[in-house]
Peer 1: 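This is the structure I have questions about; it appears just below.
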Amino acid sequence: NPCRMRIQGDFDSLPFRPGTFDAVAFTASLFLTPAPETAVAEANRVRTSDGVVGAVAPEGWYIDGEDAFERVGRESRSPAPTSAVIAAFEEAFDTVSGVWRFEVTAERIRRFHSIPAVGARLYPRCSPEERAARVGELFADVEGTGEQRWRWLVGR
């Protein structure tokens, strides 16, 4: 069924004609490109005139009301900050946006960031095994519950 096909392409140069898609979704990925405005322009190019583009970007991890990364004196870096994703959307589209909040524990933060690809945001020059070990050490003393926040955006 062609309606169920998944298509993948390079953010910066999608291999499709203008106006090909009714919807383009950046599923937790747009903040991983250093130039979200370029990727958004490409999404805008390949969407139909009444199509939509959607994305999510991290707003942060909070334990007992405090930024979990501030507690450990570290930043969680992505190639593009969420503010750049928002700016790219607002420049290209009429945008609707909000924040999703999910309950989180310190243990879930440790487990999530010990995934090698996620841990690369914290320790990009380390081996996958070393990343996992360092994340465990980084968050070893963090305890409590809180929330993970994600910014969602839909543009027309």
Side-chain angles (χ1 to χ4, degrees), residues 4-15 21 23-44 46-47 52-93 95-155:
R4 294 182 186 205
M5 286 178 26
R6 287 188 150 197
I7 306 296
Q8 291 181 317
D10 187 316
F11 283 155
D12 299 339
S13 180
L14 296 173
F21 298 100
V24 177
F26 292 101
T27 55
S29 58
L30 187 54
F31 59 94
L32 298 175
T33 182
E37 64 281 357
T38 302
V40 166
E42 272 296 279
N44 196 19
V46 301
R47 76 175 175 111
V52 298
V53 177
V56 296
E59 287 274 328
W61 300 73
Y62 297 86
I63 296 292
D64 298 329
E66 291 181 53
D67 183 313
F69 287 92
E70 282 186 22
R71 286 179 126 182
V72 297
R74 182 86 181 174
E75 284 185 38
S76 174
R77 296 182 191 102
S78 296
T82 298
S83 59
V85 172
I86 294 167
F89 257 74
E90 290 178 346
E91 179 70 25
F93 308 113
T95 302
V96 177
S97 178
V99 176
W100 283 325
R101 291 173 167 79
F102 303 94
E103 183 178 300
V104 71
T105 63
E107 177 58 27
R108 286 184 184 164
I109 290 174
R110 281 189 285 279
R111 283 197 322 231
F112 180 76
H113 286 86
S114 70
I115 297 168
V118 177
R121 293 173 56 208
L122 296 168
Y123 300 105
R125 294 181 183 88
C126 296
S127 71
E129 297 78 21
E130 191 177 358
R131 288 176 193 154
R134 286 194 176 190
V135 165
E137 293 167 9
L138 179 68
F139 290 107
D141 296 332
V142 175
E143 294 298 330
T145 59
E147 62 184 18
Q148 178 185 11
R149 299 175 191 163
W150 285 83
R151 168 72 50 182
W152 60 265
L153 303 113
V154 175

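What you see is a predicted model, and the numbers here were worked out from it, not measured in a lab.
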Peer 1: Between E42 and L14, is there a donor-acceptor pair closer than 3.5 Å when you use the side chain of the first and the backbone of the second?
Peer 2: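 Yes.
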
Peer 1: Can you name the nearest heavy-atom pair linking E59 to I86, along with the distance?
Peer 2: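 Result for this residue pair: OE2-CD1, 4.4 Å.
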
Peer 1: Enter the distance from E147:CD to T105:OG1 here, rounded to the nearest 0.5 Å.
Peer 2: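 Here the rounded value is 13.5 Å.
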
Peer 1: Any chance you could measure Q148, atom CD, to R101, atom CZ, to the nearest 0.5 Å?
Peer 2: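 Interatomic distance, Q148 CD to R101 CZ, rounded to 0.5 Å: 12.0 Å.
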
Peer 1: Ignoring hydrogens, what is the shortest heavy-atom contact between F93 and N44? Give both atom names and the distance.
Peer 2: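 Taking F93 first and N44 second, the nearest heavy atoms are CE2-OD1, 3.4 Å.
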
Peer 1: Provide the closest heavy-atom pair for V53 versus F89 in the form atom of the first, atom of the second, distance.
Peer 2: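 For V53 and F89, the tightest heavy-atom pair comes out as O-CE2, 3.4 Å.
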
Peer 1: Using every non-hydrogen atom in the two residues, find where R131 and Y123 come nearest and quote the distance to one decimal.
Peer 2: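 Taking R131 first and Y123 second, the nearest heavy atoms are NE-O, 3.2 Å.
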
Peer 1: Suppose we screen for side chain to side chain contact (heavy atoms under 4.5 Å, CB included). Which residues come up paired with A28, at least two apart in sequence or across chains?
Peer 2: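 A28 satisfies side chain to side chain contact (heavy atoms under 4.5 Å, CB included) with F31, V56, W150 once adjacent residues are dropped.
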
Peer 1: For T82 versus A57, what's the shortest heavy-atom pair and its separation?
Peer 2: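 Where T82 meets A57 most closely, the heavy atoms are OG1-CB, 3.6 Å.
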
Peer 1: Indicate yes or no for a side-chain donor-acceptor contact from R149 to the backbone of G60 under 3.5 Å, with no hydrogens or angles considered.
Peer 2: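 Not at all, since once roles are kept as given, no pair shorter than 3.5 Å links the two residues.
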
Peer 1: Using the test salt bridge (charged side-chain N to carboxylate O under 4.0 Å, His left out), find all partners of R110 that sit at least two apart in sequence or belong to another chain.
Peer 2: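 Per chain and number, R110 pairs via salt bridge (charged side-chain N to carboxylate O under 4.0 Å, His left out) with E107, E143.
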
Peer 1: R108: what forms a salt bridge (charged side-chain N to carboxylate O under 4.0 Å, His left out) with it, not counting sequence neighbours?
Peer 2: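 Per chain and number, R108 pairs via salt bridge (charged side-chain N to carboxylate O under 4.0 Å, His left out) with no residue.
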
Peer 1: I'd like to check the salt bridge (charged side-chain N to carboxylate O under 4.0 Å, His left out) partners of E91; sequence neighbours left out, ordered by chain and number.
Peer 2: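 Partners of E91 by the salt bridge (charged side-chain N to carboxylate O under 4.0 Å, His left out) criterion come out as none, since no residue qualifies.
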
Peer 1: Just do the side chain to side chain contact (heavy atoms under 4.5 Å, CB included) check on R151 and V85 with the steps written out, would you?
Peer 2: CA-CA 10 Å; R151 168 72 50 182; V85 172; over 6 Å; no

Peer 1: Give a yes or no answer on whether the side chain of T33 reaches the backbone of L30 with a donor-acceptor pair at less than 3.5 Å.
Peer 2: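 Looks like no, no N/O pair under 3.5 Å.
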
Peer 1: Minimum heavy-atom separation for L32 to P79, with atom names?
Peer 2: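 Scanning both residues completely, I find the closest heavy atoms to be O-CG, 3.3 Å.
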
Peer 1: Using atom types as modelled and distance alone, determine if a side-chain donor or acceptor of T95 lies under 3.5 Å from a backbone N or O of V154.
Peer 2: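 Here the side-chain-to-backbone pair does not exist.
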
Peer 1: Applying side chain to side chain contact (heavy atoms under 4.5 Å, CB included) to I109 and V142, what does each step give before you reach the verdict?
Peer 2: CA-CA 9 Å; I109 290 174; V142 175; 5.6 Å; no

Peer 1: So D64 and T145, side chain to side chain contact (heavy atoms under 4.5 Å, CB included) or not? Walk me through it.
Peer 2: CA-CA 6 Å; D64 298 329; T145 59; 4.3 Å; yes

Peer 1: Quick one: sort the F69 and F139 rings into parallel, tilted or perpendicular, breaks at 30° and 60°.
Peer 2: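 It falls in the perpendicular class, over 60°.
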
Peer 1: Partners of A84 by side chain to side chain contact (heavy atoms under 4.5 Å, CB included), sequence neighbours excluded?
Peer 2: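 For A84 the side chain to side chain contact (heavy atoms under 4.5 Å, CB included) partners, ignoring immediate neighbours, are P36, A80, P81.
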
Peer 1: To the nearest 0.5 Å, tell me how far R134 CZ sits from H113 NE2.
Peer 2: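 Interatomic distance, R134 CZ to H113 NE2, rounded to 0.5 Å: 16.0 Å.
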
Peer 1: Output all residues satisfying salt bridge (charged side-chain N to carboxylate O under 4.0 Å, His left out) with E66, sequence neighbours left out; order by chain, then residue number.
Peer 2: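 Result, salt bridge (charged side-chain N to carboxylate O under 4.0 Å, His left out) vs E66: R71.
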
